[in-house]
There are 2 protein chains.
Amino acid sequence: MRISELVERTGVPLATLKFYLREGLLPAGEATSATRAEYGEAHVRRILVIRALTETVGLSVQKAREVLALIDRPEDDLFTTLGRAIAALPPDVTPVATQEYPRARAVLEKLGQVYDPGFAAVAQLEQALAAAESAGIPLDDARLAVYGPHIRAIAEFDVASIPREAAAAIEYAVLGTAVHEPVLIALRRLAHQDVAARRLRQAGAGPRASKRPPARGGSSGRSRPKRT
Amino acid sequence: MRISELVERTGVPLATLKFYLREGLLPAGEATSATRAEYGEAHVRRILVIRALTETVGLSVQKAREVLALIDRPEDDLFTTLGRAIAALPPDVTPVATQEYPRARAVLEKLGQVYDPGFAAVAQLEQALAAAESAGIPLDDARLAVYGPHIRAIAEFDVASIPREAAAAIEYAVLGTAVHEPVLIALRRLAHQDVAARRLRQAGAGPRASKRPPARGGSSGRSRPKRT
DNA sequence: AGGGTTGGATACTCATGGTATCCAATACTA
DNA sequence: TAGTATTGGATACCATGAGTATCCAACCCT
């Protein structure tokens with residue numbers, strides 16, 4: 001198919017597709033002449049993945065390219081590739097070799113997991129723990145004792161569901177790690193609302209909050225933020 | 001203290017603090033004269049929170065201002081305020097009223113939770129589910145059956161740990177929701193690596209990654225925290 | 001009195017993530 | 001076969017966001 005069909009199929013503007021082509025996110029079609037190239041279903045899928053990574057996972061074009069490159073050329077084993085992909089995921093952490101990550105180390109030791117400062121995710125965890133502290137809500141032992149096992153159970157399922165075959169496995173693992181994160185986050189937010197709503201209702205008309213809790217529908221995003 | 005001391009205490013450049021002042025993220029100090037203002041510990045804390053929200057949670061300055069405004073002026077009840085705060089969190093969803101979110105609806109029904117299209121998190125979940133589909137890894141029932149209960153358990157703990165007093169509760173809930181997300185994400189990524197590493201070792205594969213440290217038994221350090 | 005800080009205003013910079021134009025070489029249609 | 005429409009490729013352009021940098025005049029302290 002021609003590029004105009006990609007535009008139709010994906011809804012992404014032509015200029016943007018050309019931009020992706022230029023930036024190396026989208027492989028060029030097979031040139032059939034100087035002014036014609038043939039694209040396939042793989043291109044359609046690729047475009048959707050690009051949008052998923054940039055719009056929902058929140059990757060920059062630069063980071064998305066890194067992730068896609070890992071999927072395209074999985075020269076290393078799954079474990080190494082996954083580590084590299086994680087390094088491309090937010091939060092962007094400045095990798096300072098020979099650095100210690102004390103908060104992350106303490107957490108990992110409590111969880112009985114290996115602490116390797118070479119893992120990008122360790123630096124990411126350190127930053128996240130520091131941010132929680134800064135916000136006045138550090139990750140205390142009680143919370144870790146809850147988060148740890150549940151998150152681990154989720155991760156066990158994730159890994160167990162990775163297909164056997166190597167190439168497919170890497171793509172599945174990399175994309176699955178990235179793309180299910182927003183799902184988990186959204187589920188937690190909704191669970192917060194659900195649990196909070198139930199408790200409020202149960203407690204009978206707003207004892208803790210300053211005002212009456214309107215049992216539901218309270219958060220309709222109707223307060224349009226004013227633009228600056 | 002003067003503004004230069006805020007610079008020292010937080011490490012944030014003066015020009016940036018002035019920017020935060022301008023943008024209304026940081027409240028002005030108490031002016032003691034035309035060219036002097038007094039800042040306090042609250043300002044130091046606020047700056048740290050701003051950095052946590054922007055750098056680690058990934059909020060734009062605009063969104064961070066919205067979240068901070070909710071904490072500063074919690075005019076509504078906890079439930080409503082939390083809903084509004086969630087609307088400011090990524091991924092940015094364009095709220096189209098009167099829209100249906102079929103994927104999110106299906107998921108929430110399977111979880112037995114209320115489906116309210118007015119919740120920003122519902123639109124966020126819809127987008128996340130669509131992105132997962134686009135990437136070729138949809139959230140199937142088996143996965144949901146795992147994610148759902150574990151995430152809910154986490155959320156139950158979160159809500160249970162919210163303090164009683166109203167004003168404190170809102171700040172705690174809003175910041176806690178936002179700031180623990182990166183922690184959960186990082187823990188999942190590390191759990192992936194840990195689980196994958198264990199399986200690889202178990203499968204008799206040789207040591208692939210050059211810098212992987214030796215394995216440690218999961219039981220030795222488990223829940224036997226003794227940090228410095 | 002004079003140097004070093006301020007607050008406040010304004011202007012500037014840089015990186016992103018696209019958009020928009022041009023162009024010449026085709027390909028399709030009549 | 002002429003004329004029009006589409007491409008690919010290159011280049012130029014633009015809007016936002018998040019700071020930075022400069023000025024300046026009013027202080028404060030010594």
Side-chain angles (χ1 to χ4, degrees), chain A residues 1-40 43 47 49-68 88 90-92 94 225-228, chain B residues 1-40 43 46-47 49-68 88-92 94:
Chain A
M1 70 186 84
R2 282 159 298 152
I3 200 169
S4 56
E5 199 171 339
L6 289 183
V7 172
E8 286 170 18
R9 295 274 302 273
T10 64
V12 177
L14 175 63
T16 303
L17 291 183
K18 284 186 167 189
F19 171 69
Y20 291 157
L21 250 4
R22 231 184 303 143
E23 292 294 314
L25 297 195
L26 186 63
E30 189 169 350
T32 61
S33 84
T35 64
R36 213 121 285 213
E38 185 67 15
Y39 300 89
H43 289 90
I47 291 164
V49 171
I50 292 169
R51 296 304 270 214
L53 291 179
T54 55
E55 292 187 350
T56 305
V57 180
L59 298 190
S60 66
V61 164
Q62 158 77 17
K63 297 295 187 181
R65 178 173 39 224
E66 291 173 25
V67 170
L68 292 169
D92 283 356
T94 44
K226 56 160 174 117
R227 286 259 172 260
T228 44
Chain B
M1 70 185 84
R2 282 160 299 155
I3 200 169
S4 56
E5 196 172 341
L6 289 182
V7 172
E8 286 170 19
R9 294 273 302 272
T10 63
V12 178
L14 174 64
T16 303
L17 291 184
K18 285 186 167 188
F19 171 69
Y20 291 156
L21 250 6
R22 259 203 318 278
E23 292 296 313
L25 297 195
L26 187 63
E30 190 170 348
T32 62
S33 84
T35 64
R36 211 124 285 214
E38 186 66 16
Y39 300 89
H43 289 90
R46 173 61 78 107
I47 292 165
V49 172
I50 292 170
R51 297 304 269 211
L53 290 180
T54 55
E55 293 186 349
T56 303
V57 180
L59 298 190
S60 66
V61 163
Q62 159 77 16
K63 297 294 186 182
R65 175 174 41 222
E66 291 173 26
V67 170
L68 292 169
L89 264 28
D92 285 355
T94 44

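Small disclaimer: the values here were computed from a predicted structure and weren't measured. By convention in this document, chain letters (A, B, ...) are assigned in the order of the sequence lines, proteins followed by strands, and residues within each chain are numbered from 1.
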Who passes side-chain contact (heavy atoms from CB on, under 4.5 Å) against Ser33(A), sequence neighbours left out?
Thr35(A), Arg36(A)
Would you kindly give the CD1-to-P distance between Ile3(B) and dC27(D), to the nearest whole Å?
17 Å
Contact state string [nucleotides 23-30 of chain C, B base, S sugar-phosphate only, - no protein heavy atom under 4.0 Å]
--BSS---
For Arg9(A), give me all partners under salt bridge (Lys or Arg N to Asp or Glu O under 4.0 Å), at least two apart in sequence or on another chain.
Glu41(A)
Can you sort out the partners of Tyr39(B) under ring pair (Phe, Tyr, Trp, His ring centres under 6.0 Å), two or more places apart, ordered by chain and number?
His43(B)
Take the protein atom CG of Asp92(B) and the nucleotide atom P of dT16(D), then report the distance between them rounded to whole Å.
15 Å
Can you list the residues that meet the side-chain contact (heavy atoms from CB on, under 4.5 Å) rule with Arg46(B), with sequence neighbours excluded?
Leu26(B), Pro27(B), Ile50(B), Leu68(B), Asp72(B)
Between Thr10(B) (side chain) and Leu6(B) (backbone), is there a donor-acceptor pair under 3.5 Å?
yes
Rounded distance in Å - CG (Leu59(B)) to P (dG17(D))
14 Å
Just the rounded figure in Å: distance from P of dG19(D) to CD of Glu23(B).
10 Å
Check side-chain contact (heavy atoms from CB on, under 4.5 Å) between Ser60(A) and all other residues, then give those that pass, not counting sequence neighbours.
Gln62(A), Lys63(A)
Side chain to side chain donor-acceptor pair (under 3.5 Å) partners of Arg51(B), counting only residues at least two apart
Tyr20(B), Glu55(B)
Interatomic distance where CG belongs to Leu14(B) and C1' belongs to dG8(C) [whole Å]
12 Å
Please determine if a side-chain N or O atom of Tyr39(A) lies less than 4.0 Å away from the OP1 or OP2 oxygen of dG8(D).
yes
Starting from P on dA15(C), measure out to NZ on Lys63(A) and report it in whole angstrom.
16 Å
Any pair with a residue in residues 16-26 of chain A that passes salt bridge (charged side-chain N to carboxylate O under 4.0 Å, His left out), sequence neighbours left out, goes on the list, sorted by first then second residue, please.
Glu23(A)-Arg65(A)
Which pair of heavy atoms, one from Ala64(A) and one from Thr54(A), lies closest together, and at what distance?
CB-CG2, 4.1 Å
Measure CG/Leu21(B) against C1'/dT6(C) and give the value in whole Å, please.
12 Å
Quick check for you: among dG18(C), dG17(C), dT7(D), whose closest atom lies nearest to any side-chain atom of Ser60(A)?
dG17(C)
In whole angstroms, how far is the P atom of dA15(C) from the CD atom of Gln62(A)?
13 Å
Selection: residues 49-58 of chain B, any non-hydrogen atom under 4.0 Å of DNA chain D:
none
Contacts of type side chain to side chain donor-acceptor pair (under 3.5 Å), residue Glu38(A), not counting sequence neighbours:
none
Could you go over nucleotides 19-21 of chain C and give all protein N or O partners under 3.5 Å, atom names and distances?
unit_1  : atom_1 : unit_2   : atom_2 : d
dT19(C) : OP2    : Thr16(A) : OG1    : 2.4
dT19(C) : O4     : Arg22(A) : NH2    : 3.2

If you compare all heavy atoms of Pro90(A) against all heavy atoms of Leu59(A), which two are closest, and at what distance to 0.1 Å?
CD-CD2, 3.4 Å
